[in-house]
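Note on naming: letters A, B, ... go to the chains in the order of the sequence lines (proteins, then strands), and numbering restarts at 1 for each one.
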2 protein chains.
Amino acid sequence: MASQVLIPSGISGTNQAKWLMTKTKKIPVPTIERLARYSRPLEDLSGSGDVVISSVRLAELCGVTSPQVRKDLAYFGEFGTRGVGYNVEDLLKEIKKILATDQEWTLCIVGIGNLGNALVENENFRKRGYNFLAAFDSDPKKVGHTLSCGLTIEPSRNMAQLIQKLHIEIGIIATPPFDAQKVTNLLTDSGIKAILNFAPIQVRVPEGCLVENVDFTVSLENIVYHLRDISKKGLF
Amino acid sequence: MASQVLIPSGISGTNQAKWLMTKTKKIPVPTIERLARYSRPLEDLSGSGDVVISSVRLAELCGVTSPQVRKDLAYFGEFGTRGVGYNVEDLLKEIKKILATDQEWTLCIVGIGNLGNALVENENFRKRGYNFLAAFDSDPKKVGHTLSCGLTIEPSRNMAQLIQKLHIEIGIIATPPFDAQKVTNLLTDSGIKAILNFAPIQVRVPEGCLVENVDFTVSLENIVYHLRDISKKGLF
DNA sequence: CCCACAATGTGCAAAAATTCACAATTAACC
DNA sequence: GGTTAATTGTGAATTTTTGCACATTGTGGG
Ligand SMILES: NC(=O)c1ccc[n+]([C@@H]2O[C@H](COP(=O)([O-])OP(=O)(O)OC[C@H]3O[C@@H](n4cnc5c(N)ncnc54)[C@H](O)[C@@H]3O)[C@@H](O)[C@H]2O)c1
Ligand SMILES: NC(=O)c1ccc[n+]([C@@H]2O[C@H](COP(=O)([O-])OP(=O)(O)OC[C@H]3O[C@@H](n4cnc5c(N)ncnc54)[C@H](O)[C@@H]3O)[C@@H](O)[C@H]2O)c1
């Protein structure tokens, strides 16, 4: 019933929210997702030698077409030099500015099981400016335990207080699906602005809160659908 | 250079492959992804009471529109009863048949770090018919260790042999990005049919092999782009 | 200075996906 | 048995996204 701001993309893209725009143009939703993907090879290249990159090369590295790359970038400005290409460092900087990954973000995570632990220990997040400031679990046996990243697992009841005190913006859910909605409510009641949910259910949030649902098995099902499709083609 | 079969969807959908069809119609790529998502609430409902479900209700649970649900299903047949709705059990069975999740699939995983361990220990996969038959790691300290799921970690050099002996169809990559391409080559040389890659690079596979790249940080970047977008709207 | 070449940026056309609106069908009730 | 309410299935309209072709601009060499 409660309407919500869904981000229509990613594994779980539940296409509903539409109006996205800068200045004048409407930005296609998949463009944002691709921009994020473009930044990966740029980061790698950023260290090593190459100063410029063409849309053709970048497209190859990301598995898209080159007009797609150019168009995606053109929505936000003119970042290249005709006849030359894009300056790697500059382009990366521009993309980060567009995506708002040129700033630091504050996160917390709820549910420190196998997946939660992998996420919080993964330094790629911190390296990209995503800072975990708190970790919560409901299991009394886990509460109080200190993780190698330095965080101490807090009981869920401290959630509202800590989120407000530490100005935490984004919450990650890695609890079993049964608890995911309850945790979502706790998070939104605490004033969280966005949620990344790994539990395989679609959680509901009050208006104004962003939610992105991630479900690996959807990817697997995608694979097996196409696999079966292919072997059928082989048979007939 | 090597062309490949990309599955254009999921977190990493690199829209390139297009031709999908049953009997007569062309199936939109996002439809497959949504079918997978429809099956989650159906599984839950399947146990508890409810015998039928309307497209409106299912749409609510999945965060899509109801004509979307009906159209998605209509691509594959007529599964509902007008004036009534869809029988939960039947619909779930039909969707599983469509997605090819009504059969068992054989998997292996490469890279038993934090994420790899979480994946292989997660029983949702097995419950859905995805059976991990082998786990590989290059770290000599990990090789030989037996996981709680019963698998013993194998050295990468046994890969080709085991994949062929056990008829493993799908490989999951959970190694650091630097090694992902090398591992991909090993897997495809061993005759694997599809790869689910969690390392944040776009791996290349020879023609005829499916690959789905999953990257969580893309989801996060999606979130922060929209978050910043919203706060900007608040300011002006 | 001019010419050939390379690669971007973009208007327009095509394709893909979604939404709409409603005819068709079923159940339930009186 | 007829009338009402509910809900599916679907062709057509609409919206969104991608692809194409090429004019534009910058580089470098003679
Ligand atoms: N492990 C994977 O590879 C994987 C893959 C895809 C999806 N997921 C999903 O991610 C979630 C977590 O998976 P996992 O393997 O880490 O499970 P897990 O059982 O190892 O961990 C779940 C953790 O959540 C905690 N928890 C339970 N209820 C809670 C609550 N109300 N508040 C706070 N914490 C609570 C538990 O104490 C536990 O530590 C599940 O929903 C799972 O389906 C996991
Ligand atoms: N941990 C997360 O939450 C997370 C999230 C998103 C993406 N990822 C990605 O998933 C991958 C794994 O992440 P992780 O946190 O588990 O890392 P990790 O360092 O904990 O584990 C990597 C494992 O791969 C093994 N390995 C390395 N090279 C190998 C090779 N050539 N063959 C076989 N095994 C090899 C290592 O021995 C190690 O056990 C990384 O690419 C990471 O970026 C992880």
Item to check | Under 3.5 Å donor-acceptor pair, A:Lys71 side-chain atoms to D:dG19 base atoms | outcome: yes

Checklist entry - Going by the side chain to side chain donor-acceptor pair (under 3.5 Å) test, which pairs reach into residues 178-187 of chain B, not counting sequence neighbours? => result B:Gln181-B:Asn185

Next on the checklist: If you apply the rule salt bridge (charged side-chain N to carboxylate O under 4.0 Å, His left out), what do you find for B:Arg126 with B:Glu123, and how did you get there?
Outcome noted: CA-CA 5 Å; B:Arg126 200 164 303 259; B:Glu123 35 187 60; over 6 Å; no

Item to check | Heavy-atom closest contact (B:Ala199 atom, B:Pro177 atom, distance) | outcome: CB-CA, 3.8 Å

Next on the checklist: Could you tell me how far apart A:Leu73 (CG) and C:dA7 (C1') are, to the nearest whole angstrom?
Outcome noted: 13 Å

Checklist entry - Under 4.0 Å between a side-chain N/O of B:Arg34 and OP1 or OP2 of C:dT18, yes or no? => result yes

Checklist entry - Does a side-chain N or O from B:Tyr86 land closer than 4.0 Å to OP1 or OP2 of D:dG9, or not? => result yes

Checklist entry - Tell me: CD1 of B:Ile27 to P of C:dT18, nearest whole Å? => result 12 Å

Checklist outcome for this item: Residues passing the ring pair (Phe, Tyr, Trp, His ring centres under 6.0 Å) test with A:Phe198, sequence neighbours excluded, are B:Phe216

Next on the checklist: Output the rounded distance in Å from NZ (B:Lys26) to C1' (C:dA15).
Outcome noted: 7 Å

Next on the checklist: The side chain of A:Pro67 is closest to which nucleotide in this list: C:dG9, C:dA17, D:dC20?
Outcome noted: D:dC20

Item to check | A:Glu212 and A:Asn197: side chain donor to acceptor below 3.5 Å | outcome: no

Next on the checklist: Give me the atom names and distance for the closest heavy-atom approach of B:Gly171 to B:Leu187.
Outcome noted: CA-CD1, 4.4 Å

Item to check | Nearest non-hydrogen partners of B:Leu35 and B:Ile95, listed with the distance | outcome: O-CG2, 3.6 Å

Checklist entry - In whole angstroms, how far is the C1' atom of C:dT8 from the OH atom of A:Tyr38? => result 14 Å

Checklist entry - In whole angstroms, how far is the C1' atom of C:dA16 from the CD1 atom of B:Ile32? => result 15 Å

Checklist entry - Does the pair B:Lys97 and B:Asp102 meet the rule for a salt bridge (charged side-chain N to carboxylate O under 4.0 Å, His left out), with working shown? => result CA-CA 5 Å; B:Lys97 203 152 58 178; B:Asp102 58 340; over 6 Å; no

Checklist entry - OP1, OP2 of C:dA17 versus side-chain N and O of B:Gln68: anything below 4.0 Å? => result no

Checklist entry - Using the C1' atoms of the five pairs at each end, what is the angle between the end axes of the helix from C:dC1-D:dG30 to C:dC30-D:dG1, to 10°? => result 10°

Item to check | Toward the 5' end of DNA chain D, by each residue's nearest nucleotide, A:Thr31 or B:Ser55 | outcome: B:Ser55

Next on the checklist: Output the rounded distance in Å from CD (B:Glu78) to P (C:dA24).
Outcome noted: 14 Å

Please set out all donor-acceptor pairs under 3.5 angstrom arising from side-chain atoms of residues 76-87 of chain A, sequence neighbours excluded.
unit_1, atom_1, unit_2, atom_2, d
A:Asn87, OD1, A:Glu89, N, 3.0
A:Asn87, OD1, A:Asp90, N, 2.9

Item to check | Nearest-Å distance for atom pair CG/C1', residues A:Asp72 and C:dT8 | outcome: 14 Å

Item to check | Atom pair distance, as rounded to whole Å: CD1 in A:Ile53 and C1' in C:dT8 | outcome: 14 Å

Item to check | Within residues 87-102 of chain B: residues closer than 4.0 Å to DNA chain D (heavy atoms) | outcome: none

Item to check | Of the listed nucleotides C:dA17, D:dT17, C:dT8, the one nearest the side chain of A:Ser54 | outcome: C:dT8

Checklist outcome for this item: Regarding the side chain of B:Pro30, the nearest nucleotide among C:dG9, D:dT18, C:dT18 is C:dT18

Checklist entry - Between atom NE2 of A:His226 and atom CD1 of B:Ile32, what is the distance when rounded to the nearest 0.5 Å? => result 6.0 Å

Item to check | B:Tyr38-B:Asp72 side chain donor-acceptor pair, cut-off 3.5 Å | outcome: yes

Checklist entry - Quick one: which of C:dT19, C:dG9, D:dG9 gets closest to the side chain of B:Ala74? => result D:dG9

Find every protein N or O atom lying less than 3.5 Å from an N or O atom of nucleotides 25-28 of chain D, and list the pairs.
unit_1, atom_1, unit_2, atom_2, d
D:dG26, O4', A:Arg82, O, 3.3

Checklist entry - Between A:Ala100 and A:Trp105, which heavy-atom pair has the shortest distance, and what is it? => result O-NE1, 2.8 Å

